[in-house]
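Here the structure is laid out as structure tokens; the discussion comes afterwards.
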Amino acid sequence: MTTTAAPVKLPRHIESQVERSGLGDIYAKVAEGVRLSAEDGIRLFEASDILSLGALANIVRERKNGDYTYFNRNLRIDYTNICNKQCLFCAFDRLPGEIGGYVLGEKEIAERFARYDAYKITEVHMVGGINPKLPFSYYTDLLRSVKRLRPDIHIKAFTMVEIAQMIRISKMSAEDTIAALKEAGLGSCPGGGAEVLVDRVHKELFRLKIGPKQWIDLQKIVHQCGLKTTATMLYGHIETLPERIEHLVRLRELQDETGGFQTFIPLAFHPRNTELSHLAGPTGMDDIKNIAVARLMLDNFDHIKAYWIMMSPALSQMSLWFGADDIDGTVLEETIVHEAGATTPTGLTVETLLRTIREAGRTPVERDTVYNILQVF
Ligand code: V47
């Protein structure tokens, strides 16, 4: 695949550095908008010259988004932590019957919105565990409660794993289940639950959850039903570099078919309190590389998000020169990765987001969930 973008030339001294780092042939492809191969992707991951990698990723970043850096005013609500899937990387879940399990109802959701009234939130991002006690009506009631409380808000909710569970319990077709969710207020879906779209990793880490093929098939149906989604990849555990690239290529192929993905978000694994607590988790170099390689491989994705909750605000800021054009948003109440040892804040103010983006020399742009521009700062 070749894009129609005008060829880009890096300044001479940067070109020389890219040549010296052995990435000259990949630079030629990126400059001309030619699609990179899986082998190119592996070489990019193996490269240690992070500045050359960043220079290449920045070509695509600026070609697609100039120096705009997107954020939104969002609130996370994890409606239940009860889950029967026992994924080895998860510290958030409680088994059915285990102490500490919770399910939120309309009263708790209303309290949550009231607490953050001053933030003028435009999006609520809701996900939860696979709680076998919840009937399908719980999910539609949850959506209707939010819409009753905040009719103007965009509801981004339910990963493919949750939707697969709903299709099972609703006893309706996938299309009818999704139509019922849309009718109750669902606006789009987040990208969690994919983890690494490779059978080996699925078998080893999350075998009770839907696997790569089911995730892709359902994602396709969700896109065909008119819902936009995002895509993620959980990295820094047992996956290999070729497996990361396999994941990215599968997403790229699906995006060629449906065009339904808005953003790609690499998720940095946090090992604490998980079954994988003996692993060290990724380093900062790996965090930046995942952003840059994703930007270069996913030529048909408009946006790459540096999720500050997992990468830290400081590294997310740096990554704005390594391929990222989005830093998520205020978030306000993250729990999934904080249960796994994240030391980042659980929320940021808009003022902090603006400062972070401006000090990187980029232009902050407030967006809604589907990337309509609300304000250029
Ligand atoms: O699917 C679970 C991951 C995901 C851990 O769509 C962990 O815009 C790190 O999907 N360490 C949920 N990660 C979060 C998610 C997300 C986040 C931000 C934006 C969007 C979006 C989506 O969190 C899960 C899983 O992949 N996760 N445990 C852990 N210990």
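Being a predicted model, the structure only gives us computed values, none of them experimental. Counting begins at 1 with the first residue of the sequence. Remember, it's 1-based here, ligands and their atoms both numbered in the order they're listed.
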Taking 4.0 angstrom as the limit, do Lys9 and Glu15 come out as a salt bridge?
-> yes
What do we get for Phe92 next to ligand 1 when only non-hydrogen atoms under 4.0 Å count, side chain, backbone, both or neither?
-> neither
Which atoms of ligand 1 sit under 4.0 Å from any heavy atom of Lys305?
-> 8 (O)
Provide the number and element of each atom of ligand 1 under 4.0 Å from a heavy atom of Gly193.
-> 1 (O)
Could you list which atoms of ligand 1 come closer than 4.0 Å to a heavy atom of Ile265?
-> 6 (O), 8 (O), 20 (C), 21 (C)
Identity and distance of the protein heavy atom lying nearest atom 15 (C) of ligand 1 = Leu267 CD1, 3.9 Å
Electrostatic pair Lys64-Asp325, nearest N-O below 4.0 angstrom | no
Does ligand 1 have a heavy atom under 4.0 Å from the side chain of Val127, from its backbone, from both, or from neither?
-> neither
Closest approach of any protein heavy atom to atom 6 (O) of ligand 1, naming residue and atom | Thr230 OG1, 2.5 Å
Charged N to carboxylate O under 4.0 angstrom, Asp78 versus Arg76?
-> yes
Is the shortest side-chain N to carboxylate O distance from Arg244 to Asp286 below 4.0 Å?
-> yes
Side-chain ion pair, Asp67 and Arg362, N-O less than 4.0 Å | no
Using a strict 4.0 Å threshold on nitrogen-to-oxygen distance, state whether Lys120 and Glu366 make a salt bridge.
-> no
Please confirm whether Arg61 makes a cation-pi placement over Trp321, using NZ or CZ under 6.0 Å from the six-membered ring centre and within 45° of the ring normal.
-> no
When you measure from atom 20 (C) of ligand 1 to every protein heavy atom, which one gives the shortest distance, and what is it?
-> His125 CE1, 3.5 Å
Ligand 1 contact by Lys156, heavy-atom criterion under 4.0 angstrom = yes
So is Ala91 in contact with ligand 1, going by heavy-atom distances below 4.0 Å?
-> no
Can you tell me which residue and heavy atom of the protein come closest to atom 19 (C) of ligand 1, and the distance to 0.1 Å?
-> Asp328 OD2, 3.7 Å
Is it true that a side-chain atom of Arg200 and a backbone atom of Lys203 form a donor plus acceptor pair closer than 3.5 Å?
-> no
Indicate yes or no: does Glu333 engage Arg115 in a salt bridge with an N to O separation below 4.0 Å.
-> yes
Under 4.0 Å from one or more heavy atoms of Phe89, ligand 1 contributes atoms 2 (C), 5 (C), 28 (N), 29 (C), 30 (N)
Salt-bridge present (Lys289, Asp287; N to O < 4.0 Å) | no
Charged N to carboxylate O below 4.0 Å: is that the case for Arg35 and Asp299?
-> yes
Give a yes/no on ligand 1: does Ala268 have at least one heavy atom closer than 4.0 angstrom to it?
-> yes
Counting each atom of ligand 1 from 1 as listed, which ones have a heavy atom of Val337 under 4.0 Å away?
-> 9 (C), 11 (N)
Specify side chain, backbone, both or neither for Ala340, according to which of its non-hydrogen atoms lie closer than 4.0 Å to ligand 1.
-> side chain
At a 4.0 Å threshold, what atoms of ligand 1 neighbour a non-hydrogen atom of Met310?
-> 9 (C), 13 (N), 23 (O)
In this structure, atom 7 (C) of ligand 1 is nearest to the protein heavy atom Leu234 CD1, 3.7 Å
For Gly192, the atoms of ligand 1 under 4.0 Å from one of its heavy atoms are 1 (O), 10 (O)
Got a salt bridge between Glu123 and Arg73, using NZ or NE/NH1/NH2 to carboxylate O under 4.0 Å?
-> no
Where on Ile309 is there a heavy atom closer than 4.0 Å to ligand 1, on the side chain, on the backbone, on both, or on neither?
-> neither
Donor-acceptor list for residues 43-51 side chains, cut-off 3.5 Å, not counting sequence neighbours:
unit_1: Arg43; atom_1: NH1; unit_2: Asp25; atom_2: OD2; d: 2.9
unit_1: Arg43; atom_1: NH2; unit_2: Gly22; atom_2: O; d: 2.8
unit_1: Arg43; atom_1: NH2; unit_2: Asp25; atom_2: OD1; d: 2.8
unit_1: Asp49; atom_1: OD1; unit_2: Gln17; atom_2: NE2; d: 3.2
unit_1: Asp49; atom_1: OD1; unit_2: Leu51; atom_2: N; d: 3.2
unit_1: Asp49; atom_1: OD1; unit_2: Ser52; atom_2: N; d: 3.1
unit_1: Asp49; atom_1: OD2; unit_2: Gln17; atom_2: NE2; d: 3.4
unit_1: Asp49; atom_1: OD2; unit_2: Ser52; atom_2: OG; d: 2.5

Out of curiosity, is Arg272 lining ligand 1, as in a heavy atom under 4.0 Å away?
-> no
Return yes if some donor-acceptor pair links the side-chain N/O of Ser21 with the main-chain N/O of Val18 below 3.5 Å, else return no.
-> yes
Who's the nearest protein heavy-atom neighbour of atom 11 (N) of ligand 1, and how far?
-> His270 N, 2.9 Å
Identify, by atom number and element, the atoms of ligand 1 in contact range of Pro190, meaning under 4.0 Å from any of its heavy atoms.
-> 6 (O)
Among protein heavy atoms, which sits nearest to atom 17 (C) of ligand 1, and what does the distance come to when rounded to 0.1 Å?
-> Tyr307 CE2, 3.6 Å
Report the part of Thr263 (side chain from C-beta onward, or backbone N, CA, C, O) that has a heavy atom under 4.0 Å from ligand 1; answer both or neither where that applies.
-> neither
Tell me: protein heavy atom nearest atom 25 (C) of ligand 1, and distance?
-> Glu195 OE1, 3.3 Å
Check the hydrophobic clustering (I, L, V, M, F, W, Y; side-chain heavy atoms under 4.5 Å; chains of links allowed) and say if Met285 and Met233 are grouped together.
-> yes
